Amino acid sequence: MNKSKTVLTLISFALVVVLTACGGTASAPAPTPTTAESANPTRTPRPTAANAQPTAAPTTASEGSIIRPPPTNNQSELTTLGNVQVEMSIEGTIKTEGQADETIQIVMREIRLQNGNRNLVIESTTPDQGIERINYFLIDGESFQYAERDNDRTCISVSGSDFFTGSIITPESLIGDLKEATLAERGVQVNGFTTDRYTFSLNEQNLGYQGQANGEIWVASNPNIVVRHIGTLNGSFGGIAVEEGGELLPQSTGNLSWKYNVTQIAANTTITLPEVCAQQQAAGADIPLPPNISNTLRTSNLISFETSDTAANIAQFYQTEMVAKGWQASETNQYGDTYQLTFTKDGRTATVNISAGDKQTMVIILLDS
């Protein structure tokens, strides 16, 4: 990791440390990969979400009281709303002596439908990388990752992968589970909900770090969810070494601001796959898949999976089922437990590569049109 990235990560950690004095539970953040292909936005700190348990919002305190703040949203609470959109935006800057400023700008927007279909968009903007946008889809039980960068459009379908849990940063990821806040006013209409508004202010000083977090929270009581959450983190960090005996980090300052909103959306809302993903589905529609497979991966010209069945049985499956799907057997090669089967159909070629491992049989199907 270069020094600039190290400073960015440590500043992110230092900003999160502000929760420590207040009994928060968020963990130190992990650095985020810097390419769209790695399925995460560029140059954005990715703190680990707090694991705090929801706490019932107070109902008897008067305005101006310092009380336990509203709960952390979880999956079960949001599913009670039907079709819903959750959005989190983060902006900020890291300033380090002798280095160019590090800009943080990210928007995460997730649509969750009552029928189980979901779409998560992560968009990051940085001066040196431009706009990177990644879409995750869960439609009828099949997961897709769709990435846009410049003029490139790629789609990958992966079975057994959860693209959604922990993918959207929440305010608790940045400041932890608040132990106290001030009840500012009751009965405020926000995002179509009747809410109570809270304010909070946290201060922290540690070795090499000092910082402050301030913000407001709007919480509904029925259902008991955080509807809106805004805030800022500001801190300075420096004079310590990343590794024992290592070079001291230069003095750096950082700031983050965030906005989090939950809104209900129309009951007739649908989620549609991008054209690239839809074309990919169509291209592989006549490729049969045996039962009891795992780790399935699909791209525009490749399908791969693993199975506990033998290589010989899988070869027999494709020799039978491909013909049943209208494919014509072209060529068969076998080397022990390794098979290569070639089929043609309407100017297309499908090459089925089967190889036996210690415990699993690996299948890779290459499509050529």
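These values consider heavy atoms only, across backbone and side chains, with no hydrogens, waters or symmetry-generated copies. Predicted, not measured: the structure shown is a model, and the values here were computed from it.
A distance-only check finds a donor-acceptor pair linking the side chain of Gln264 to the backbone of Leu81 [under 3.5 Å]. Of the possible donor and acceptor atoms, one in the side chain of Asn117 sits under 3.5 Å from a partner among the backbone N and O of Asp140. Without hydrogens or angle criteria, Tyr318 side chain to Val323 main chain gives no donor-acceptor distance under 3.5 Å. With hydrogens and angles ignored, the 3.5 Å screen pairs a side-chain donor or acceptor of Thr307 with a backbone N or O of Asp309. A donor-acceptor pair under 3.5 Å links the side-chain atoms of Gln334 to the main chain of Gly336, judged by distance alone. Asn255 contributes no side-chain N or O that, together with a main-chain N or O of Ile94, makes up a donor-acceptor pair within less than 3.5 Å. Side-chain N or O atoms of Ser257 include none that pairs as donor or acceptor with a backbone N or O of Thr232 at under 3.5 Å.
When all heavy atoms of Leu341 and Ala315 are compared, the pair lying nearest together is CD1-O, 3.7 Å. Between Ile287 and Trp327 the shortest heavy-atom distance is CD1-CZ2, 3.6 Å. Here the shortest heavy-atom pairing between Phe200 and Ala181 reads CB-CB, 4.2 Å. Residues Asp196 and Arg186 share a closest heavy-atom pair of OD2-NH1, 2.6 Å. For Asn191 against Val227, the heavy-atom pair with the smallest separation is ND2-O, 3.3 Å. Residues Thr199 and Ala184 share a closest heavy-atom pair of CG2-CB, 4.2 Å.
Between Lys325 and Asp286 there is no salt bridge, since none of the side-chain N atoms of the basic residue sits less than 4.0 Å from a carboxylate O of the acidic one.
Between the side chains of Thr194 and Gln189, at least one donor-acceptor pair of N or O atoms lies under 3.5 Å. If you check the side chains of Glu123 and Gln105, you find no donor sitting under 3.5 Å from an acceptor. Side-chain contact annotation: Gln212 with Asn234, donor-acceptor N/O pair under 3.5 Å absent. Checked by atom type, the side-chain pair Asn224/Ser221 shows no donor-acceptor distance below 3.5 Å. Between the side chains of Thr96 and Ser252, at least one donor N or O sits under 3.5 Å from an acceptor N or O. Using a 3.5 Å distance cut-off with no hydrogens or angles, the side chains of Gln316 and Thr320 do pair a donor with an acceptor.
Hydrophobic clustering of Ile, Leu, Val, Met, Phe, Trp and Tyr side chains at less than 4.5 Å, counting indirect connections, unites Val84 with Val219. In the hydrophobic cluster analysis, where Ile, Leu, Val, Met, Phe, Trp and Tyr join through side-chain heavy atoms closer than 4.5 angstrom, Ile230 is grouped together with Leu202. Hydrophobic clustering places Phe144 together with Ile271 (ILVMFWY residues linked when any side-chain heavy atoms are closer than 4.5 Å, directly or through intermediates). When the side chains of ILVMFWY residues are joined at heavy-atom separations under 4.5 Å, either directly or via intervening members, Val262 and Val107 end up in two distinct hydrophobic clusters. Criterion: ILVMFWY side-chain heavy atoms under 4.5 Å apart, direct or through other members. Under it, Val158 and Ile122 are part of a common hydrophobic cluster.
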For the pair Asn301 and Gln280, evaluate side-chain contact (heavy atoms from CB on, under 4.5 Å) and give the outcome as yes or no after the intermediate values.
CA-CA 8 Å; Asn301 57 2; Gln280 177 178 300; over 6 Å; no
Just do the side chain to side chain donor-acceptor pair (under 3.5 Å) check on Glu142 and Ser157 with the steps written out, would you?
CA-CA 7 Å; Glu142 187 170 3; Ser157 171; 3.0 Å; yes
Apply side-chain contact (heavy atoms from CB on, under 4.5 Å) to residues Thr338 and Ile354 and explain how you reach the verdict.
CA-CA 6 Å; Thr338 299; Ile354 306 167; over 6 Å; no
Begin from the C-alpha positions of Tyr260 and Val226 and carry the test side-chain contact (heavy atoms from CB on, under 4.5 Å) through to its verdict.
CA-CA 9 Å; Tyr260 173 89; Val226 174; 4.3 Å; yes
Mind running side-chain contact (heavy atoms from CB on, under 4.5 Å) on Asp368 and Leu366 for me, showing each step along the way?
CA-CA 7 Å; Asp368 184 20; Leu366 302 176; over 6 Å; no
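Interatomic distance, Ser124 OG to Arg133 CZ, rounded to the nearest 0.5 Å: 11.0 Å. Atom OG1 in Thr253 sits 8.0 Å away from atom CG in Asp101 (nearest 0.5 Å). Remark: Ile314 CD1 to Ser355 OG distance equals 11.5 Å, nearest 0.5 Å. The structure places CD1 of Ile134 at 8.5 Å from OG1 of Thr154, a figure rounded to the nearest 0.5 Å. In this structure, CZ on Arg112 lies 12.0 Å from CG on Asn83, to the nearest 0.5 angstrom. Interatomic distance, CD1 of Ile225 versus CH2 of Trp218, reported as 14.5 Å (0.5 Å rounding).
With contacts defined as side-chain heavy-atom distances shorter than 4.5 Å, the pair Leu302/Ile364 qualifies. Side-chain contact between Met108 and Glu87: absent, with no pair of heavy atoms (C-beta onward) separated by less than 4.5 Å. You'll find the side chain of Leu138 reaches within 4.5 Å of the side chain of Ser143, heavy atoms only. Under the 4.5 Å side-chain criterion, counting only non-hydrogen atoms from C-beta, Val363 is not in contact with Asn353. Side-chain contact between Leu113 and Ile111: present, with at least one pair of heavy atoms (C-beta onward) separated by less than 4.5 Å. Residues Pro274 and Arg153 fail the side-chain proximity criterion, which asks for heavy atoms closer than 4.5 Å. In this structure, the side chains of Val352 and Tyr339 stay at 4.5 Å or more apart for every pair of heavy atoms. With contacts defined as side-chain heavy-atom distances shorter than 4.5 Å, the pair Phe343/Ser330 does not qualify.
Within 6.0 Å of atom CD in Glu321, more than 12 heavy atoms from other residues, nucleotides or ligands are found, so the atom counts as buried in its surroundings. At most 12 non-hydrogen atoms from other residues, nucleotides or ligands lie less than 6.0 angstrom from CD of Glu275. With a 6.0 Å radius and a threshold of 12 heavy atoms from other residues, nucleotides or ligands, Gln279 has its CD atom above the threshold. Taking a 6.0 Å sphere around NZ of Lys259, one finds it holds 12 or fewer heavy atoms contributed by other residues, nucleotides or ligands.
Using bins of under 30°, 30° to 60° and over 60° for the plane-to-plane angle, the ring pair Trp258/His229 lands in the tilted bin.
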